[in-house]
Amino acid sequence: MKLATWNVNSLRVRLPQVLDWLTRYRPDVVCLQETKTEDRNFPAAEFEAAGYHVACSGQKTYNGVAIASRRPLKELARTLPDFPDEQKRLIAATVDGVRLINVYVPNGAAVGSEKYDYKLAWLQSLRRYAGVQMKRYPKLALLGDFNIAPEDRDVHDPEAWQGSVLVSGPEREAFRALLELGLVDVFRRFDQPPESFSWWDYRAAAFRRNHGLRIDHILCSRALAETCTCCTIDREPRALERPSDHAPVVAVFR
DNA sequence: ATGGCTTGAGTGTCAAGA
């Protein structure tokens, strides 16, 4: 199984790039974030024509997540059980016995802000949900845009970013708490190029200068991680005209 | 240099992203 995650920053704008990427890379499953599309406007027909089943949870203007899968999507869930919230940031489904939890973790705006507190509370609730789901589904992937760079090597300029949102201590602790459930960051299971990032600011030629962060992740239960044969970041779509600011992350399982 | 681009909403200009 080839599994991917991609924050597309507006599915309406990025749909041609997404469909082209699906046609060329043929992932079995792709998890999308920041679709910014209400469910009634979701381009389901285009995905189905490309050979994918789709499930979405979207809203106007902000957030929104979706899963496209070549095999049927079962046991769909769209909420964190103990976190009542209007923001559409999670969608879970089972594909061929593998549980997939696709998340768009809140950005957090600035350390100490209301949005930052909301991010940490959301992550605490996610940890509880992931723990419960892992007991029920031995093969599980928690993947998406985590808006956290877990270590300094995931940051182009750790000194400049020191203590700020996306890298702050409490955010990294929340990420480690997910790993402590037994989840594995499969990207780090393999040798990777130095300065591997998944997001680059649109401004200041950040992509050209590789001024990025690694904030998009594929975390797998041990049983699933054991079958992972590679995990890579595909930088190509980031170099296109009118790109998303995020690149897809892809993992392959035998 | 707290800017720098991009998107959606909506038609002037701002919030939000990371």
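Only heavy atoms go into these numbers, but all of them, side chains included; no hydrogens, no water, no symmetry mates. Here is the naming used below: chain letters follow the sequence lines, and residue numbers restart at 1 for every chain.
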Given B:dA18, is OP1 or OP2 found less than 4.0 Å from the side-chain N or O atoms of A:Lys115?
no

Side-chain N or O of A:Arg14 closer than 4.0 Å to phosphate OP1/OP2 of B:dT7
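Yes, within the criterion.
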
Return the value, rounded to whole Å, for the distance between atom [atom1] of [X] and atom [atom2] of [N].
X        : N      : atom1 : atom2 : result
A:Asp216 : B:dA18 : CG    : C1'   : 11 Å
A:Asp201 : B:dG4  : CG    : P     : 11 Å
A:Gln87  : B:dA16 : CD    : P     : 10 Å
A:Arg203 : B:dG4  : CZ    : C1'   : 6 Å
A:Tyr118 : B:dA16 : OH    : P     : 13 Å
A:Glu38  : B:dG8  : CD    : P     : 13 Å
A:Glu241 : B:dT7  : CD    : C1'   : 17 Å
A:Ile215 : B:dA18 : CD1   : C1'   : 6 Å

Same-atom distance ([atom1]) from [N] to [M], integer angstrom:
N      : M      : atom1 : answer
B:dT2  : B:dA18 : C1'   : 13 Å
B:dT13 : B:dA1  : P     : 30 Å
B:dG3  : B:dC14 : P     : 13 Å
B:dT7  : B:dG12 : C1'   : 16 Å
B:dA9  : B:dG4  : C1'   : 23 Å
B:dA16 : B:dG10 : P     : 15 Å

Residue among A:Ile101, A:Leu140, A:Leu142 satisfying side chain to side chain contact (heavy atoms under 4.5 Å, CB included) with A:Met134:
A:Leu140

With heavy-atom distances below 4.5 Å as the criterion, would you say the side chains of [X] and [Y] are in contact?
X        : Y        : value
A:His217 : A:Val249 : no
A:Arg89  : A:Val103 : no
A:Asp201 : A:His211 : no
A:Leu19  : A:Leu15  : yes
A:Lys36  : A:Thr61  : no

Between A:Trp21 and A:Asp234, is any side-chain donor less than 3.5 angstrom from a side-chain acceptor?
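Note: A:Trp21 and A:Asp234 side chains meet the donor-acceptor criterion.
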
Can A:Arg214 be said to sit on top of A:Phe197's aromatic six-ring, NZ or CZ under 6.0 Å from centre and within 45° of the ring axis?
no

So which nucleotide from [options] ends up closest to the side chain of [X]?
X        : options                : answer
A:Arg242 : B:dG4, B:dT7, B:dG17   : B:dT7
A:Tyr62  : B:dA18, B:dG17, B:dA16 : B:dA16
A:Val13  : B:dG4, B:dG8, B:dG17   : B:dG8

Indicate, with a heavy-atom threshold strictly under 4.0 Å, whether [X] touches base, sugar-phosphate, or nothing.
X        : result
A:Asn147 : sugar-phosphate
A:Tyr104 : sugar-phosphate
A:His211 : nothing
A:Asn63  : nothing
A:Asp145 : sugar-phosphate

Report yes if a donor N or O on one partner sits less than 3.5 Å from an acceptor N or O on the other, where the partners are the side chain of A:Asn107 and the base of B:dA18; otherwise report no.
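Under the 3.5 Å cut-off, the side chain and the base do form a donor-acceptor pair.
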
Keeping the roles fixed (side chain from A:Gln192, backbone from A:Cys231), state whether a donor-acceptor pair exists under 3.5 Å.
yes

Between A:His246 and A:Asn9, which residue's closest nucleotide on DNA chain B lies nearer the 5′ terminus?
A:Asn9

Please tabulate, one pair per line, each protein N/O and nucleotide N/O from nucleotides 9-14 of chain B that are separated by under 3.5 Å, including the distance.
unit_1 : atom_1 : unit_2  : atom_2 : d
B:dA9  : OP1    : A:Thr61 : OG1    : 3.2

